[in-house]
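Below: one structure, written as structure tokens.
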Amino acid sequence: MKEELWWLYDIIALSALIVGCWISGRKGIFRSAIVLIGGIIGITFAFPVSESIGKNLYKTLIRDNNVKTLDKSLGDVEISEYLGKALENMGYNVIVSDKKLNEILDSDGDIDTQIYKYLNNINGKKVDNENNFRDKLYGAYAETLSDIFSGDISLYAMKTAENKILTGKTDTGNLIKMMRDGNNRKDVAEIIADNYISNAYIKIIRLIAFVILYAFILIIGILTANSLSGGMRDVDVGTGSRIGGGVCGFFTAVTVIFILSVILKLYVVMGSNQELFFDNNAIDKTYIFGYAYNIADKL
């Protein structure tokens with residue numbers, strides 16, 4: 001959705017609330033309350049269970065395949081070529097020698113410090129203060145891994161890995177040194193699969209499981225409500241029951257909006273970040289839908 005059409009998200013959310021109130025008002029408070037309870041239980045139950053499912057399925061079904069894919073991607077990669085290109089893209093106007101970079105990668109010293117000293121010596125002047133340099137260096141590390149692996153793993157997984165590297169909380173420098181040694185390919189692949197991209201795949205599985213669990217429990221709630229009240233046909237109910245049903249329908253619709261935002265998030269992480277219909281800038285401008293989407297984004 002183009003950014004200027006952000007209001008369509010809120011119209012969809014508002015329509016869901018109105019329809020939820022109208023349908024539940026016709027059903028009355030008894031059936032609507034049971035459905036609402038089903039929706040609340042569905043979300044409450046889906047939170048912890050979907051997280052467990054995500055971790056277990058990644059470990060048992062996806063991790064080993066990722067390791068094999070990453071191992072294959074490494075192939076006969078000459079890491080100094082990729083790292084050298086990324087260092088030259090840092091904006092310091094330097095030309096990096098593959099030979100010198102390989103010497104740094106083969107040494108026992110701290111790679112961050114050695115690269116900083118090397119770039120300072122190339123043109124005989126200090127390129128940046130050390131803190132700023134390290135921030136840019138983490139970006140160069142992220143670019144290096146992205147250039148090597150982006151063709152073989154999902155866009156979302158790669159972006160997740162890049163963001164983790166940029167925090168500086170990973171030991172990516174030493175990981176790159178390991179990549180210099182072709183005998184460590186599988187070890188490198190396992191480290192990346194476990195520490196860099198696992199959260200992305202776990203999140204995708206969790207979102208899918210969350211939607212399925214919620215839908216299953218909500219359907220059980222609807223069937224139970226209909227069974228206890230004589231079927232799916234509407235029955236005559238009093239004004240008070242209609243009002244109570246409408247209130248229940250409102251809150252049930254809130255849970256539905258949340259699930260729609262989870263589905264939207266799932267589409268985003270599994271698709272392309274170039275998809276205009278799901279533009280994050282548009283969502284950020286919404287008044288109603290944005291709240292649900294921000295919660296879904298933290299799943």
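We're numbering straight along the sequence, starting at 1. Here the structure is a predicted model, which means the values were calculated and not measured.
Side-chain contact between Ile115 and Tyr141: present, with at least one pair of heavy atoms (C-beta onward) separated by less than 4.5 Å. Side-chain contact between Ile40 and Thr252 is absent, with no heavy-atom pair separated by less than 4.5 Å. When side chains are defined from C-beta on, Phe133 counts as touching Leu119, because their heavy atoms get closer than 4.5 Å. Residues Asn102 and Glu78 meet the side-chain proximity criterion, which asks for heavy atoms closer than 4.5 Å. Between Lys203 and Tyr58, every side-chain heavy-atom pair lies at or beyond the 4.5 Å cut-off. Inter-residue side-chain proximity for Tyr92 and Lys136 is flagged as met; some heavy-atom pair is nearer than 4.5 Å. By the 4.5 Å heavy-atom criterion applied to side chains, Ser198 and Arg63 are not counted as neighbours. Taking the side chain as every heavy atom from C-beta outward, Ile95 and Ile122 never approach each other to under 4.5 Å.
Between the CD1 atom in Ile192 and the CE atom in Met178 there is a gap of 9.5 Å [rounded to 0.5 Å]. Rounding to the nearest 0.5 Å gives a distance of 10.5 Å between CG of Asn174 and CG of Leu105. If you take CG on Leu74 and OG1 on Thr69, they are separated by 11.0 Å, rounding to the nearest 0.5 Å. Note that OG of Ser32 and CG of Leu36 are 8.5 Å apart. Values are rounded to the nearest 0.5 Å. For the atom pair Thr44 OG1 and Leu213 CG, the distance stands at 12.0 Å (nearest 0.5 Å). With rounding to the nearest 0.5 angstrom, the CD1 atom of Ile165 is 11.5 Å from the CG atom of Asp171.
The shortest heavy-atom contact between Ile104 and Gln114 is CG2-CB, 3.7 Å. Of all non-hydrogen atoms in Ser73 and Phe149, the two that sit nearest each other are CB-CD2, 3.6 Å. What you find for Val35 and Gly221 is that their closest heavy atoms are CG2-O, 4.2 Å. The shortest non-hydrogen separation linking Tyr118 to Lys100 is CE1-CG, 3.2 Å.
For the 3.5 Å distance criterion, the side chains of Asp135 and Asn132 fail to qualify, holding no donor opposite an acceptor. Residues Thr172 and Tyr196 have side chains that bring a donor and an acceptor to within less than 3.5 angstrom of each other. Neither side chain, Asn199 nor Thr160, offers a donor N or O lying under 3.5 Å from an acceptor on the other.
Hydrophobic clustering (ILVMFWY, side-chain heavy atoms < 4.5 Å, transitive): Ile204 and Val67 are in distinct clusters. Placement of Val49 and Ile202 within a single hydrophobic cluster is found when ILVMFWY residues are connected by side-chain heavy-atom separations under 4.5 Å, directly or transitively. Under the 4.5 Å side-chain heavy-atom criterion for grouping Ile, Leu, Val, Met, Phe, Trp and Tyr, Leu61 is connected to Leu70 within one hydrophobic cluster. In the hydrophobic clustering of ILVMFWY residues, with side-chain heavy atoms under 4.5 Å counting as a link, Ile43 and Ile212 come out together. Residue Ile259 is not grouped with residue Ile219 when hydrophobic side chains (ILVMFWY) are merged at heavy-atom distances under 4.5 angstrom, including chains of intermediate members.
Tyr201 contributes no side-chain N or O that, together with a main-chain N or O of Lys55, makes up a donor-acceptor pair within less than 3.5 Å. Not a single donor-acceptor pair under 3.5 Å links the side chain of Ser146 to the backbone N or O of Ala142. Counting only distance, with no hydrogens or angles, the side chain of Ser227 and the backbone of Leu223 share no donor-acceptor pair below 3.5 Å. With hydrogens and angles disregarded, no donor-acceptor distance shorter than 3.5 Å links the side chain of Glu51 to the backbone of Arg206. Lys27 places no side-chain N or O within donor-acceptor distance of the main-chain N or O of Ala225, the cut-off being under 3.5 Å.
More than 12 heavy-atom neighbours from other residues, nucleotides or ligands sit within 6.0 angstrom of CG on Asn65.
Salt bridge absent: Lys85 and Glu81 never bring a charged side-chain N and a carboxylate O closer than 4.0 Å. The pair Asp106-Arg180 meets the salt-bridge criterion, since a charged nitrogen lies less than 4.0 angstrom from a carboxylate oxygen. Checked for salt-bridge contact, Asp71 and Arg185 meet the test: a charged N lies under 4.0 Å from a carboxylate O.
Among the candidates Phe45, Phe47, Phe216, the single residue satisfying the ring pair (Phe, Tyr, Trp, His ring centres under 6.0 Å) test with Phe210 is Phe47.
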